[in-house]
Amino acid sequence: MSGKHGYRKRARNLLDEAEVEIGDIIRISKGEETYEGALIPRAELSDDDHLVVKLKDGYNIGILVTEELTIKKTGKGSKPKFLCPPPPPKKSSLPKVVILSTGGTIASRVDYRTGGVRPALTANDLYSVVPELSNIAMIKTEILLSIMSENITPKHWEKMAQQISAHIHEGTNGIVVAHGTDTIGYTAAALSFALQNLPVPVVLVGSQRSADRPSSDAATNLAGAVRTAANGPFAEVVVAMHETVSDGSIIFHRGTKVRKCHTSRRDAFESVNALPLARLKDNTVTMLADEYRKRDGQRRLTSKPLFDENVALIKFHPSMNPQIIKWHVDKGIKGIVLEGTGLGHVGSQCFADVKKAIADDVIVSMASQCIWGRINMNVYDTGRELLKIGVIPLADMLPETALVKMMWALGNTENTFEAKQLLTRNITYEFTPRSVFSQAGGRKNES
Amino acid sequence: MNLDYKRLGLKVGLEVHQQIDSDEKLFCACKTKLFTEEPQITFLRALRPTQSELGQVDAAAFFEFQKGVKILYEASHDTSCLVEMDEEPPHELNREALEAVLVVSLLLRAKPVDEIHIMRKIVIDGSNTTGFQRTCVIALGGLIKLGEKPVPIQHVGLEEDAARKMGGKGNLRIYRVDRLCIPLIEVTTAPVLYTPEEAEGTALAIGKILRATNRVKRGLGTIRQDLNISIRDGALVEIKGVQELELISSVVRNEVRRQLSLLTIRDELAKRGVNPNGVEEEFQDITAVFRKTKCKVIREAIDNNKQVLAVNLRNFQGILKTELTPSIRFGTELADVARFWGRVGGIFHTDELPAYGITQEEVHALKRATNAGQDDAVVFVADISENAVDALKAVTMRAKEAIKTIPQETRVAKPDGSTRYMRPRPGSARMYPETDIPPIQISHEYLQRLHKDLPEMPEHRLQRLMHDHGLNRKLAKQVSNSEFSNLYDTVVKNSEISPTLVAVVLTETVKALKRDGVEVDLSDAQFLDLFRLVEHGKIAKEAISDIIAWLSKHRGATMDEAISTLGLDTLSLDKMENLIDTLIEKNRHLLVERGEKAFGFLMGLIMKRVRGKVDAEKVSNIVKRKLEDVL
Ligand SMILES: [Zn+2]
């Protein structure tokens, strides 16, 4: 990393001439004005015309670089020496939990000197930032990936599934995967299909407020995830997040039924067309689903970690150009999930290209853009027509889960017929046979 | 007691915070107002102290987190959105608020920064849902004159107001988020104010400049001062939340007196040979002493299975009842730290016993139980064990400090000018950049535009009020200092009514009503209405005070309702002439008898019946005319 974070052009030259590093105390003179403070890095996407200094009272200001501006170094910045508090004694009687991180910051500390936020990644780091963990489990940490969650692909799901199965084979009481929330639902669905016959819980956890702030949900979610991975009575892939905007309870959504339904709230995640699997409140896990796979350390995990990326999720909208379908087919796509309207419809302008796709051995299936509710293509002519063409209705499966499942099915078999069978078979609670009434229509009651 | 503050080495620095009257809040589109109804939304949170890179956390904050302190937030749909709930990132900085601060900066001759960087200042008492306050420097270096004395302004800032504390008990605190995110101007002076009067005078001068912009809110709670006060040999103490400018000098005087008293206590303890090692953290369970107590508080605690825990402060007899300032004793300081660190309701101590239903026998018994002699003071609390231990630990710690020094602390100002312990002084401010909001550049052209259109400065205004409006100096000064200063301008500009009358109403009448306990609360529109009615002769000017009082007590009521309820509809001239005729007829011989004094007598009779309904001058003219016929 360069010593002049973010500074370019004239600002950079002035800093180089004065031999100033980040954190050094400098005096900037400009006409009648002088400013004294510590040099702060400039955000990468900001302009080239300003120097940022932290004044003595802690405030940052930006100073426009003009022709007359001069810089003098008046003090050497103290290098931050990180003093990790001694880790709490390990309690070997506690259950073992492996925490895999994929890039989201689950815990961090702030360097108030430069404003930098430093993620806490090692077990000792986590113990010191979230001290209650040391009373919950013996933790082992592993940095699997360091990427933003929108950059995660099926290749990464495969890597995650392989690592998790390795840890489970070695023997652990539970797995926690720290993951950015944007695509945590996709990853949860992927791991649900890839890791079958789980003996212990696999808990994906994220946060909606960054870990550097005192109000962050990260530590509470993490502690809840670790506690449940260690002691929860189930053995499924779940996503653990806040249940409400309060800090009281953590809710566990099934990996195949979970969707991010809000851009920013702590309780952004919902179980769609199903009850959440479990809730953690006052350190106790309560199961909410009637039926679930129970924890059983003796059970042998079956790992099927392969995915075929050659699949598309196409959202229908009024006036959609059917060329989109044709383009995919010409590119040799193997499966398409249509995100249709209502009970499972697309406009008649698409019929010919859907027909052509199916004739070309492409699997075409239907999920609903309504999010809540079940596909039924027998009610209207459009639906009946699409069924006749060969579109496969996917009942109450989420479009995102349908996409992941199609990738997984095609990753597991070259045979279209077998893939279709896998697609419609209930593998891991992705289908719910009964649509049970829930008061808020499945959605949160936005009073 | 008149003190020589300069000799004592008094130094005061001011931080004036004033709410800006913008349409929307600083980082969202919510209205900048409060709600008084029951909350429509509540949510419960805990704040976790963030570790700094050096592994340090704020000790008091971490202590509270460990003790499981929870915060219950209250909100209404009207006054807050997801931003205040910390459920949505902040929107861009409100430009109206920014401009108000830039105008103030220019008036204070401070230099706006080229690029504004919004910071997060860690505050984890619960008053900010995020755990930090968003704040930024808008301008640096400025100057105001206090008479001949130049007072340097350190910086002019813009920040979000905090949530309002609504109460709390034990581990729960209640805050209302309606006030959160209302924009505040912050003006900080250098610590160069050397007397209580200088401190208050400077605050008043800053207040005047803020009001001159016509962009700030008015009324109780919209302006708050923080004071940094120190004396030589004393400690630097930060006092938060002085709500009225006129209170500043007494707050400063009280704090100096408090520190001097604490120094006297220190010397007295030294004379008694008390040293910190002699104050032991040895707590005795003395619940048994109170088995049959008549003291309600202790009775209730014991009935709820709580315990009574005591500590003997050896050689402290009499110290706890020593008065520091008129309403505060050393015992109060101990009680306050016990409340903060131990979450208890309060403490008992032998310096104030027997009292509160505790008998002499019980005092003897508890002294025996704690091995206390005549020279000792015993402090005890009744609570669950954990709280009681924390409370007494804090008490012994504070007693130890008293032997050595005055602790640096943050105190909160009370409406009577006294202050109470709030928390230990936080270490150096923990600030880091608010990365959710990009920096904002202030262009030279924009500043030039603002420069051209700056509001009138207070001194200039004073001259204008005297020369152009014919106010006398005293009234002109009162108007300029008044929170209604801008309203005065509007009324005078838009009506023919006498400026002196408007000035008197907005200053003296309002002040008199406040003295009588009326919380004057009329909108600008209501005041305008009122003056318009007077201007058009619809009501008499004598009725103004009653109407203001009535409307303040009946929020939401209309002017018409006020007038008809108070029976202030003006009398028609006909009716009044009739009334005067009748009274003259009835009292004819008395009037003749009194001769020259008849006028005053008759006026008295009439005004008793028509006060407020008619202008006294009109009555007097008619009476004069009619009397001429009679006499
Ligand atoms: Zn809002």
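Sequence lines set the chain letters: A, B, ... in the order given, protein chains first and strands last, and positions in each chain run from 1.
Note on B/E434 versus A/R213: no salt bridge recorded, every NZ/NE/NH1/NH2 to OD/OE distance being 4.0 Å or above. Salt-bridge check for A/R42 with B/E115: passed, with a basic side-chain N closer than 4.0 Å to an acidic carboxylate O. A salt bridge is defined here as a Lys NZ or Arg NE, NH1 or NH2 lying under 4.0 Å from an Asp or Glu carboxylate O, and A/R266 with B/E87 meets this definition.
No part of A/E32 comes within reach of chain B, as not one of its non-hydrogen atoms sits under 4.5 angstrom from that chain. Proximity to chain A is limited to the side chain of B/L140, based on heavy atoms less than 4.5 angstrom apart. Proximity to chain A involves both the backbone and the side chain of B/L44, based on heavy atoms less than 4.5 angstrom apart. Heavy atoms of B/T129 lying under 4.5 Å from chain A belong exclusively to its backbone. For a residue to count as touching a neighbouring chain, one of its non-hydrogen atoms must lie under 4.5 Å from one of that chain's; by this rule A/L45 does not touch chain B. Contacts between B/T435 and chain A at a heavy-atom distance below 4.5 Å are absent for every atom of the residue.
Within 6.0 Å of CD on B/E92 lie no more than 12 heavy atoms contributed by other residues, nucleotides or ligands. Around the CE atom of B/M166, the shell of radius 6.0 Å holds more than 12 heavy atoms that belong to other residues, nucleotides or ligands. Taking a 6.0 Å sphere around CD of B/E38, one finds it holds 12 or fewer heavy atoms contributed by other residues, nucleotides or ligands.
Between A/K54 and B/M119 the shortest side-chain heavy-atom distance falls below 4.5 Å. You'll find the side chain of A/P214 stays beyond 4.5 Å of the side chain of B/P49, heavy atoms only. A 4.5 Å side-chain heavy-atom check between B/R120 and A/D212 finds at least one atom pair inside the cut-off. Put simply, the side chain of B/Y432 does not reach to within 4.5 Å of the side chain of A/N60, judged on heavy atoms. Between A/H262 and B/L82 there is a side-chain heavy-atom pair separated by less than 4.5 Å. Counting heavy atoms from C-beta outward, B/K70 and A/D247 have side chains that stay 4.5 Å or more apart.
A donor and an acceptor atom, one from each side chain of A/S246 and B/Y73, are nowhere located under 3.5 Å apart. With no hydrogens or angles considered, no side-chain donor-acceptor pair links B/Q441 and A/D49 at under 3.5 Å.
Rounded to the nearest 0.5 Å, atoms NE2 (B/H117) and CD1 (A/I40) are 9.5 Å apart. In this structure, CD1 in B/I138 is found 10.0 Å from OH in A/Y59, a value given to the nearest 0.5 Å.
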- Message: Evaluate B/D114 against A/K30 for side chain to side chain contact (heavy atoms under 4.5 Å, CB included), listing each step before the verdict.
- Response: CA-CA 12 Å; B/D114 299 330; A/K30 201 168 79 164; 2.6 Å; yes
- Verify salt bridge (Lys or Arg N to Asp or Glu O under 4.0 Å) between A/E132 and B/R48, making sure each step is shown before the conclusion. CA-CA 12 Å; A/E132 57 265 46; B/R48 175 182 293 262; 2.5 Å; yes
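Heavy-atom pairs under 4.5 Å with chain B peak, among A/V52, A/T263, A/D217, at A/V52.
Partner of A/S215 under the side-chain hydrogen bond (donor to acceptor under 3.5 Å, both in side chains) criterion, out of B/N128, B/D86, B/T130: B/D86 alone.
Nearest heavy atoms, A/S264 versus B/E88: OG-CA, 3.5 Å.
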